Amino acid sequence: MSDTPRLPGLTLADADHLVTTALAVGAEQGLPPLAVAVVDLTGEVIVLRRADGGMPATSRVAVAKARTALRMLKATSEIALPGPIVDTIQHLYDGDFVAGPGGVLVTDGDLILGAAGASGARGVEDEEAVRIAVERWQAQA
C-alpha cells in the first residue's frame, strides 16, 4: 500500500465503467464514433477512449467538455452565458472550455466526484450518452 494520499472521487474502475458504458450507449443509439473522457476533481484525465473511426479532434473536445462541467459545477448544456463572457473564459483556459452540450458532473448525491464528457455526435447526443452512463453507474454504485 502506498503512503501517497488519494483524492476523494472516482477510481480507475469507476472511470473505465463510465467510459465503456457511454461508448456502448453511443453504439446502441447508432451515433457516430464518440470520444469519451472522465476527469477527476482536479480536471485531470482518468480515462479517455475514442471509438474506432472517431475523428482525432473529438478526444480533446471530450476532455474540454468534462473539464467545463467541473469548472461550472453543472452540465455543459446548462451553461447560459453571453458570447463575450464565453470568449473570455475560453481565453483564460486556453480554449479548454466548451459552453455547449456534452459534459456532465459525476456525483454521489450532492457530492461531486468528477466529470465526464463526450464528443463526436451532435452535442445533445454526446451529453445523452454520458448522462445515461452516469445514471447507470449511480444505480449500481
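Keep in mind that what you see is a predicted model, and the values were worked out from it rather than measured.
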Side-chain donor-acceptor pairs of residues 113-128 under 3.5 Å, sequence neighbours excluded:
| unit_1 | atom_1 | unit_2 | atom_2 | d |
| --- | --- | --- | --- | --- |
| E125 | OE1 | R122 | N | 3.0 |
| D126 | OD1 | G120 | N | 3.4 |
| D126 | OD1 | A121 | N | 2.9 |
| D126 | OD2 | K65 | NZ | 2.8 |
| E127 | OE1 | S77 | N | 3.3 |
| E127 | OE1 | S77 | OG | 3.4 |
| E127 | OE1 | G102 | N | 2.8 |
| E127 | OE2 | S77 | OG | 2.6 |

With a 3.5 Å cut-off and sequence neighbours excluded, list the donor-acceptor pairs that the side chains of residues 21-35 form with protein atoms.
| unit_1 | atom_1 | unit_2 | atom_2 | d |
| --- | --- | --- | --- | --- |
| T21 | OG1 | H17 | O | 2.8 |

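Residues satisfying the side-chain hydrogen bond (donor to acceptor under 3.5 Å, both in side chains) test with T88, not counting sequence neighbours, are none. Partners of D14 according to the salt bridge (Lys or Arg N to Asp or Glu O under 4.0 Å) rule, which considers only residues two or more places apart in sequence or in another chain, do not exist here. In this structure, the side-chain contact (heavy atoms from CB on, under 4.5 Å) partners of T4, at least two apart in sequence or on a different chain, are S2. Under the rule for a side-chain hydrogen bond (donor to acceptor under 3.5 Å, both in side chains), the partners of Q138 that lie at least two apart in sequence or sit in another chain are T107. Residues meeting the salt bridge (Lys or Arg N to Asp or Glu O under 4.0 Å) test with E78, sequence neighbours left out: none.
Follow the hydrophobic side-chain contacts under 4.5 Å out from V61 and you never reach V36; the two are in separate clusters. If you chain together hydrophobic residues whose side chains sit under 4.5 Å apart, V98 and V104 never meet in one group.
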Are L18 and L10 close enough, and set up right, to give a side-chain contact (heavy atoms from CB on, under 4.5 Å), and what steps lead you there?
CA-CA 10 Å; L18 289 163; L10 300 168; 4.3 Å; yes
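Put simply, CG on L81 and CD1 on I89 are 5.0 Å apart, with the number rounded to the nearest 0.5 Å. Note that CE of M72 and CZ of F97 are 4.5 Å apart. Values are rounded to the nearest 0.5 Å.
The minimum heavy-atom distance linking T76 with A69 is given by the pair CG2-N, 3.7 Å.
Within the structure, salt bridge (Lys or Arg N to Asp or Glu O under 4.0 Å) contacts touching residues 89-117 (residues at least two apart or in different chains) are R67-D96, R71-D96. The side chain to side chain donor-acceptor pair (under 3.5 Å) contacts involving residues 32-57 comprise T20-R49, D40-T42, R50-S59, where partners must be two or more places apart or lie in separate chains. Residue pairs meeting the salt bridge (Lys or Arg N to Asp or Glu O under 4.0 Å) criterion with at least one partner in residues 80-91, sequence neighbours excluded, are absent.
Residue M55 is found outside any hydrophobic cluster, as its side-chain heavy atoms come under 4.5 Å of no other Ile, Leu, Val, Met, Phe, Trp or Tyr. V63 belongs to a hydrophobic cluster with V39, L41, V45, L48, L70, L73, L105, I112, counting contacts under 4.5 Å between side-chain heavy atoms of Ile, Leu, Val, Met, Phe, Trp and Tyr, direct or through other members.
Within the 4.5 Å cutoff, no side-chain heavy atoms of I132 are placed close to those of W137.
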